[in-house]
Amino acid sequence: MAIGDEMFEAMARSSMSPIIYEVLDYSVGLTTKDGELIAQGNGTTVFLGMIDALVKEIIAKFGTADAIQDGDVFISNDPYFGTHLSDVAIAKPIFFEEQLVGFAVNKAHWVDVGGMVPGSFTPSSTEIYQEGLQIPTMKVMEGGRLLQSVLDLIAANIRLPRDSLGDFWAGVAANNVGAERLMKLYEKYGLDAMDAAMAGLLDYGEATIAAELKKLPKGVFEAEDWMDDDGHSDDPLRVCVKVEITEDRFTVDFTGSAPQALGPINHGRTALVAAVRTIFKALTNPQISSNGGCFRALEVICPERTIFTAERPAPVSTYWETMLYAEDLIWKAMSEHLPDRLTAGHLLSVCAFILSGSHPETGEDVILVTPLVGGWGAMANRDGLNGQFSVADGETYNIPVEIQEARYGVRIKQYAFHNEDGGEGKYRGGKGVYLDYEMLCDSASLGGSFGRFKFPPWGAAGGNTGSPNYVELIRKDTSSNVRELYGKPAQVKIQKGDIIRCVTATGGGWGNPHERAQADLENDIKNGFVTPEQAARYYHQEVAAE
Amino acid sequence: MSTSPASITNAHDPITIEIIQSALTAITDEMFATMCKTAMSSIIYEVLDFGVALFNARGELASSGSGIPGFIGMLQPGVQAIISKFSGAGEINDGDIFLLNIPHKGGVSHINDVVLIMPVFSAGHIIGWLSNKAHWVDLGGAFPGGISPDATEIYQEGLQLPGIKAIDSGKLNQAVLDIILSNSRVPETTEGDFWAGVASMRAGQKRFLSLAEKYGEDAVRFAIEDYIELGEKIARQAMADLPKGVFHAQETLEDDLTINAVITITDDKFLVDLRNNPKQSATSSLNASHDSTFVDCMMIFKAITSPETFGNAGSFRPIEMLVDTGSMFAAEYPTAVGVYYEASMLMFDLLWKALAPAMPERLTAGHYASICGTFMGGPHPETGHNHGIVEPQLGGWGASQDSDGVNALYTGFHGDTFNVPVEITEQRNGLMVDRLCLNDAPGGEGEFIGGKGITLDYRIMTEKWWLTMAYVRSEVGPWGLKGGLEGTTNYVEVVRADGETTRYSACTAVPLGQDDVVKVYTATGGGYGDPKDRSQEKVWEDIKNGYVSPERAKQIYGLSD
Amino acid sequence: MKIRAASDIGGTFTDLVYFEIDEASGQVRSIQAEKAHTTPPHFEEGVARVFEKANVALTDIQFFGHGTTVVINALTERKGVKTGLITTAGFRDVLEIARGNRPDFFNLRYKKPKPFIPRYLCKEVTERMTYKGEARTALVEADIDAAVAELKAEGVEAIAVSLLHAYANPAHEIAVLKRLEEIWPEVSVVASHQISREWREYERSNTAAVCAYVLPTTEKYLSKLETRLADEDFSGAFYVMQSNGGIDTVAATKRTPISIVESGPASGVLGAAALGEALGLKNIIAFDIGGTTAKCSLIDDGKVAVTSQYMIERSRTSAGYPIITPVVDIVEIGNGGGSIGWVDDHGKMHVGPQSAGALPGPVAYGKGGTQPTTTDANLMLRRINPSYFIGGEIEADMAAVEAAFAKLGAKLGLSAQEAARGVIRIANNNMTNALKLVSINRGYDPRDFTMIAFGGGGAMHAAALAAELNIPKVIIPAHSSVFSAWGMLMSDLRRDYIRTRPSKLDQEEATHIEASFAQMEAEALDAYQSEGIDAARVRTERALSIRYQGQEHSALVPVRKRNLMAGDIDEIIQDFKAAYEKEYTYRLDNAVEVVNYNVTAYADVDRPKLAVIDDTGDLDNALKGSRRVDFDTQGVATTAVYDRAKLGRGAEIKGPAILEEAGSTTVLFPSQRARVDDHGNLHIEI
């Protein structure tokens with residue numbers, strides 16, 4: 001369905017901040033008047049399933065009081081109905097002949113929503129109140145009239161109001177495009193036909209998935225994994241899943257996973273559902289566009305107040321790691337049973353970091369936020385992909401070096417694949433990268449979250465575990481020869497001339513390394529993906545360098 | 001919209017004007033009483049950390065009701081900020097109520113002090129303004145209770161309200177209230193305090209309008225302007241009796257922080273020069289906005305110019321202040337200013353110190369000079385609900401040329417402010433107070449002795465409590481006068497259940513558990529005159545009352561047995 | 001012959017008011033009043049003398065009500081005894097620390113009120129109650145003995161006992177009392193819980209302290225009076241007027257004399273309530289203008305408002321002393337007939353609070369007064385008759401009065417006449433503000449009320465003030481100048497029991513709430529019965545002070561239901577929310593909680609019916625003549641002057657008019673009308 005994609009374009013063109021303009025870290029969609037998803041634009045798949053959750057919240061809060069009118073615009077960043085405070089959703093009810101026929105929704109990551117640290121996420125928070133401005137689901141426009149007080153209030157509590165308000169208006173524009181487009185369809189086909197069409201669309205989604213479900217292996221599949229820590233203690237946290245597939249149901253049960261944590265690695269139930277839907281679609285039929293019908297066969301079970309089902313005021317600002325674990329667990333449980341669809345473990349972490357300092361020329365405050373690419377896992381029949389974004393990010397691009405240097409006044413000394421140990425196998429895990437930033441301003445501060453620092457991507461069918469994600473600080477002047485490594489850097493002070501090396505994981509390998517084809521290995525060595533020394537150590541093969 | 005005093009001719013008989021002016025005070029008194037009775041937080045209804053005021057159409061203070069003198073100067077900048085922000089036609093309407101709390105932009109003090117502002121309309125135009133400001137217990141932010149010495153930018157200190165309409169032409173702006181409540185750790189209390197403020201202003205509005213109805217707008221407008229003129233007249237008459245000249249003071253406090261003030265008093269000007277003071281701190285919230293520093297000048301000025309009369313915009317016209325933008329006494333946005341009150345107290349005390357030697361009939365020796373803001377919180381052992389204490393502490397006042405200092409009184413910043421009774425604090429917050437008595441630590445002796453500070457021991461009755469506080473005068477005691485001795489200091493001791501003891505002058509969210517005891521010590525004020533000149537009978541009386549030990553009496557007063 | 005008598009001892013005069021009761025009809029025969037000079041320190045002599053003067057035999061007295069200023073005088077003149085305090089270990093400075101407030105807030109040389117008990121007489125005993133009334137630390141008797149030894153050595157005559165949380169559980173205070181009785185029976189003792197069961201340790205401790213401070217003095221005073229009356233074979237009932245608007249026995253008063261601190265003013269309000277009841281009026285504003293002050297109080301639905309938040313010596317410049325004892329909720333301002341009109345340095349006119357008092361008195365007295373008073377202004381405007389001044393006792397010195405106002409006016413560029421009008425208007429404005437404080441500010445609409453005005457100046461200003469506040473009707477009672485004493489004769493026994501017992505207010509609490517009420521009611525009944533008062537005469541009223549959870553101040557909500565069930569709670573909550581919204585314009589969904597339980601226990605004394613006066617027919621009999629009277633904004637008018645004493649039942653007078661009687665003058669403005677009812681009360685329609 002084309003409407004989603006058109007909104008997507010409208011937003012990209014009119015948006016101001018690079019996080020949207022370049023990375024397209026946002027999502028758009030249309031729902032029925034009851035909040036059933038009918039179309040989903042591209043963009044980060046993590047939002048899949050949050051759009052309808054938001055609309056259902058709007059209906060719950062305003063629908064009963066008939067407080068939803070033409071020309072309203074709703075806004076919300078309630079993380080327990082979504083992800084974290086930085087993701088701000090904007091929704092527009094669509095009317096045809098004075099009847100509510102649906103909602104256009106989009107959700108975008110704002111660079112800063114206030115709170116205890118610039119960029120609004122930090123491993124050190126312990127309550128939602130510290131993570132920025134909370135915008136409960138509410139109207140920001142009423143009957144076409146802007147509620148200036150609300151917008152002023154929002155602007156006053158975020159560090160970069162100019163950019164974020166730009167994003168806000170971009171979102172409004174995108175929704176308008178979607179709304180107009182839908183209206184045109186209604187004008188063309190009339191109310192009944194359209195209602196029928198939408199119902200049909202949902203049933204189609206259900207039907208196709210039902211068919212796909214039949215092809216999946218039946219039975220109970222389990223997986224367990226460990227998360228590094230919650231940023232406050234060093235204890236790893238256990239997460240686990242039990243997947244049960246029958247002819248017509250797909251049930252996942254996360255009972256037994258760690259309770260709600262002190263640090264901001266929690267997320268709410270909505271995010272859990274979104275995570276499960278994402279992987280569920282990957283397992284079934286990635287081709288058809290997502291709609292509410294696709295998920296009717298899906299059931300998600302998890303007790304309250306676990307790390308996957310946190311409640312207010314639990315902190316959630318670095319939720320995504322956890323969300324990815326939920327996805328990755330199912331992946332891990334199923335990979336060897338669906339070798340043609342699933343790879344071994346990938347970098348998993350978004351490896352997002354926040355670098356806040358000042359521009360050496362203008363002296364203006366700048367905040368650099370970007371996710372990183374890393375290695376994917378190998379498959380039963382090929383090597384893993386190098387330098388891919390985490391599955392979380394779907395169709396997103398990294399910010400070009402040239403733009404980063406111009407806009408943020410950093411110097412990028414190196415952006416290349418590394419060949420750290422890990423991910424060896426009959427088929428090799430994809431390579432992670434080294435990204436070296438040299439700081440040009442006097443002082444800056446680094447925060448971020450690089451999961452799988454202690455527990456690298458898993459190998460499958462005898463393949464080796466991948467390499468970890470981490471940040472290394474190479475100080476300009478240091479006597480110590482101890483390496484300065486971080487998984488969750490929090491407000492780490494950076495001096496001029498220091499080098500920040502962001503390292504992403506190499507994915508897990510598939511199959512016994514000894515079975516790797518000689519030719520492939522020679523290629524690896526030519527390309528520098530494997531050193532002769534590694535070849536000897538992991539593959540037990542002597543390859544003469546030419 | 002507003003009418004300048006010039007355009008109002010005195011067509012009114014003095015009796016009517018007098019009656020209207022007394023009504024202005026009645027209006028603010030009523031607003032004050034209403035706030036007291038309806039507020040949800042003890043910081044408001046016991047500590048009276050709030051103020052109400054009435055302004056002319058141009059936003060100049062005409063009358064204020066307040067338990068805290070400082071608040072008298074706190075509201076005018078806010079009203080004027082609103083007047084300039086909403087300068088367009090039709091932007092301000094009857095029944096609007098605005099919210100403002102950004103200190104650098106008219107909010108004056110800190111994020112927790114929320115200002116409500118309301119225009120009063122008669123026959124379609126503004127005849128005056130009402131305003132009301134109160135300490136809200138929690139508006140979110142990095143630290144429970146919002147305030148921490150460790151804050152480094154305003155974004156960490158809670159929700160910023162940039163002068164927006166909470167009530168629009170009489171209609172509640174639900175979205176605004178929703179945001180406020182979802183960003184507060186104590187939404188119910190916050191909502192209660194919001195409505196208390198609204199009730200207080202509506203009470204004032206009713207009275208204001210009936211006044212205009214009865215005597216006519218013109219008479220009311222004239223009476224207000226005349227009242228402000230009167231304020232100035234009183235101030236200038238009082239200035240005539242002040243010693244003229246240049247007075248300065250300097251003090252080096254904790255962390256070698258050296259602050260300076262130079263006051264020049266001429267026949268018609270009270271010039272306060274605060275240039276050459278430390279830069280705003282980027283690592284703590286011990287900063288004050290320009291407007292709150294001006295309040296320090298207003299308060300010391302009022303204390304020496306007819307303190308017995310009312311204060312309004314006119315009363316402070318002779319004041320001029322010079323201060324460097326970006327210094328700790330004129331911090332720029334978005335600098336953190338959470339503990340502004342200690343920065344302001346440092347300056348207020350310094351101005352006091354500069355003038356005291358020249359005006360012994362108006363000013364005492366140094367008092368404990370710290371709000372001693374003490375923030376504690378945690379679950380109630382009975383209910384498990386979280387409770388927060390936000391409390392200033394009592395302390396000792398300085399001695400004066402003819403009398404001993406006052407024991408256990410709130411600071412010069414406070415006024416008709418009440419401490420929270422032990423019986424109430426124990427029930428409400430579920431902790432125990434082991435003792436509350438005068439602090440008899442030696443210090444502040446003189447011909448007249450400094451008043452005693454207090455010792456207050458809070459015993460924590462359950463786990464998961466925390467303490468945040470920041471006191472000044474923690475290393476250097478209150479200054480004595482004319483040979484009187486320096487007083488003692490303000491600090492907190494945390495005594496752990498296992499006996500381990502730590503002393504703090506500032507801390508953030510220190511965890512507390514069952515049977516830990518938080519011991520608050522506040523300073524004894526400075527003495528006045530040489531101790532040797534204190535009469536023997538008085539010294540014996542002091543010994544009898546336990547204000548001084550016999551040994552110390554011998555040593556300091558040369559008491560002959 | 002049965003006589004009911006009441007005497008009120010003031011600074012200069014001891015008043016006596018009495019009437020005979022017709023055995024047959026049970027009706028009052030004509031009310032008589034008498035004055036004699038007060039005779040300090042032997043006040044009982046003054047009382048005896050006033051009876052002689054009126055030649056009433058004490059043997060004929062069936063009921064004797066007594067109001068006295070002995071307590072308030074002992075406090076204000078610091079004539080109490082050397083007193084000690086026994087308090088909880090760790091809190092001996094409670095009186096000195098007080099609440100730390102500084103009302104004179106611009107003043108950096110503020111002085112705190114000096115405690116009634118110096119630090120060295122404050123002794124600590126080891127013990128501790130929790131707010132739930134559980135003993136956390138047991139009472140150590142040895143500490144009491146030690147304290148007593150020291151206090152004896154210092155020669156104290158009275159001891160106040162005040163321990164933390166005694167309002168919740170007085171067991172430790174009771175134990176201390178018991179021990180004191182054992183080891184030092186001679187000393188006068190009072191414990192905080194005997195006076196108040198409300199929380200706030202400073203307020204309760206200070207209350208106990210001042211009560212102990214005046215206890216021996218008052219005890220002696222009442223005993224002497226008792227013996228003096230006994231000497232004269234008095235065999236009637238002897239009651240003392242209480243601050244709460246009721247009377248109580250001498251025995252009860254001796255135990256906690258602080259309860260009569262506002263004995264005087266209360267009785268007037270009570271009279272207003274009693275008169276209202278007789279006339280079938282439920283909503284009344286009682287208004288009393290005396291020589292130096294004006295007092296007003298609001299009676300809602302026949303109920304006299306009582307507060308326990310009473311202060312002495314509280315002013316703009318002093319924190320004063322709180323006393324937690326039930327006192328009729330009266331707003332008092334320094335504006336009376338003797339209040340002086342003056343102009344400040346900045347050209348603003350004020351009236352009061354300074355008063356010319358009895359000496360030199362108003363300028364018109366010709367006793368050397370030069371500063372014009374409200375009374376002088378009324379003379380200037382001829383509202384008071386210069387040649388019938390104080391019932392003709394004195395010929396007003398109008399030359400001096402004119403001169404005084406000319407001088408005052410000159411400061412403002414006003415004529416003497418304008419200045420006099422100014423004084424009246426400002427005085428009226430001050431009184432209007434006081435009246436607003438008890439009505440509008442509390443959410444009451446004056447239009448729903450009747451003003452009952454009394455005292456020397458009440459009749460003079462009432463009509464003007466009522467017009468100002470849109471009060472539709474004013475009643476000037478018969479004998480309005482001795483109305484307060486009359487009130488005492490119409491009073492019942494009244495005791496207020498207030499308990500602080502914080503709890504949530506919801507259905508589960510219903511049984512606890514009922515139990516608390518029942519227990520308090522039982523206590524009240526026992527107390528009366530132990531004093532020989534028949535249970536049949538005792539009735540109680542219930543109220544709860546309720547607030548939204550988290551608030552401090554609470555609203556008092558009457559509870560009419562008995563045997564409260566879960567089902568009744570919602571009704572109480574709704575009553576609270578309605579009352580709250582009435583006063584503060586909004587309501588919340590927040591939970592509500594109970595703070596205090598109030599039980600008021602009355603014991604009826606059979607009150608007489610009002611006498612019916614004759615119909616004297618023709619108005620002209622009462623007409624004394626006419627004069628030009630200045631009605632300020634309503635101009636100067638030739639005005640008929642009547643002798644009120646000659647006005648019969650049903651007489652109708654049209655304004656403008658002046659009604660003169662011995663103690664006061666009633667001013668009727670143009671277009672106002674008045675009617676005399678069957679009992680001689682004057683009803684003015686505004």
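Values below: all heavy atoms of this structure, side chains included; hydrogens, waters and symmetry mates excluded. Because the structure is a prediction, the values reported are computed rather than measured. So that the names make sense, note that chain A is the first sequence line, chain B the second, and so on, each numbered from 1.
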Considering only heavy atoms from C-beta outward, does the side chain of [X] approach that of [Y] to under 4.5 Å?
X        : Y        : value
C/Val423 : B/Ile15  : no
C/His553 : B/Thr38  : no
B/Ser403 : C/Lys111 : yes
B/Pro307 : C/Asp104 : no
C/Tyr131 : B/Ile424 : no
B/Ile19  : C/Arg425 : yes
B/Glu30  : C/Lys436 : no

So what's closer than 4.5 Å to chain B heavy atoms on [X]: side chain, backbone, both or neither?
X        : answer
C/Tyr110 : both
C/Leu121 : neither
C/Glu418 : neither
C/Ala89  : backbone
C/Ala319 : neither
C/Tyr202 : neither
C/Leu588 : side chain
C/Glu468 : side chain
C/Arg316 : side chain
C/Glu124 : neither
C/Asn590 : both

Relative to chain C, which segment of [X] carries a heavy atom at a distance below 4.5 Å: side chain, backbone, both, or neither?
X        : value
B/Leu436 : both
B/Thr16  : both
B/Pro360 : backbone
B/Ile304 : neither
B/Met461 : side chain
B/Val406 : side chain
B/Leu394 : side chain
B/Thr411 : backbone
B/Lys233 : side chain
B/Ala23  : neither
B/Ala303 : both

Report summary line: So CG of C/Asn433 and OG of B/Ser22: to nearest 0.5 Å the spacing works out to 5.5 Å
Query - Separation between OG of B/Ser306 and CZ of C/Phe106, rounded to the nearest 0.5 Å - result: 9.5 Å
Query raised in the report: Are B/Glu382 and C/Lys132 ion-paired here, with the side-chain N under 4.0 Å from a carboxylate O?
Result: yes
**Report entry** SB check B/Lys544 C/Glu154 (cutoff 4.0 Å)
**Finding:** yes
**Report entry** Chi angles and distances behind the side chain to side chain donor-acceptor pair (under 3.5 Å) call for B/Gln21, C/Lys348
**Finding:** CA-CA 10 Å; B/Gln21 289 170 350; C/Lys348 293 287 165 192; 3.0 Å; yes
Query raised in the report: Which is it for B/Thr417 and C/Arg99 under the side chain to side chain donor-acceptor pair (under 3.5 Å) test, yes or no, and what are the steps along the way?
Result: CA-CA 8 Å; B/Thr417 302; C/Arg99 300 292 301 277; over 6 Å; no
Only pairs of heavy atoms separated by less than 4.5 Å count here; which of [options] has the most with chain C?
options                                : result
B/Leu363, B/Leu409, B/Asn419, B/Thr455 : B/Asn419
B/Leu230, B/Thr364, B/Val422           : B/Val422
B/Met299, B/Lys206, B/Glu308, B/Arg202 : B/Glu308
B/Arg435, B/Glu426, B/His414, B/Lys452 : B/Glu426
B/Asp434, B/Thr189, B/Ile454, B/Val198 : B/Asp434

Donor-acceptor contact present, side-chain [X] to main-chain [Y], <3.5 Å:
X        : Y        : result
B/Lys37  : C/Gln551 : no
C/Asn101 : B/Phe418 : no
C/Arg119 : B/Asn545 : yes
B/Glu423 : C/Arg200 : yes
C/Asp93  : B/Leu438 : yes

Shortest non-hydrogen separation from [X] to [Y] and the atoms involved:
X        : Y        : answer
C/Ile426 : B/Glu18  : CD1-CG, 3.8 Å
B/Cys437 : C/Gly90  : CB-O, 3.9 Å
C/Tyr586 : B/Ala199 : CE2-CB, 3.5 Å

Determine the option with the most heavy-atom pairs under 4.5 angstrom with chain B, choosing from [options].
options                      : value
C/Met129, C/Arg314, C/Arg547 : C/Arg314
C/Arg92, C/His165, C/Glu96   : C/His165
C/Pro118, C/Gly422, C/Gly347 : C/Gly422

Query raised in the report: Between C/Arg109 and B/Ser400, does a side chain to side chain donor-acceptor pair (under 3.5 Å) hold up when you go through it step by step?
Result: CA-CA 8 Å; C/Arg109 289 207 50 195; B/Ser400 61; 2.9 Å; yes
Report task. Begin with the C-alpha distance, continue with both residues' side-chain angles, and end with the deciding distance and a verdict on side chain to side chain contact (heavy atoms under 4.5 Å, CB included) for B/Lys302 and C/Phe105. Result -> CA-CA 10 Å; B/Lys302 189 61 180 162; C/Phe105 57 49; over 6 Å; no
Query raised in the report: Is the count of non-hydrogen atoms from other residues, nucleotides or ligands lying under 6.0 Å from C/Arg447 atom CZ greater than 12?
Result: no
Query - Residues C/Tyr548, B/Met40; criterion side chain to side chain contact (heavy atoms under 4.5 Å, CB included); working and verdict - result: CA-CA 8 Å; C/Tyr548 284 110; B/Met40 283 284 175; 3.5 Å; yes
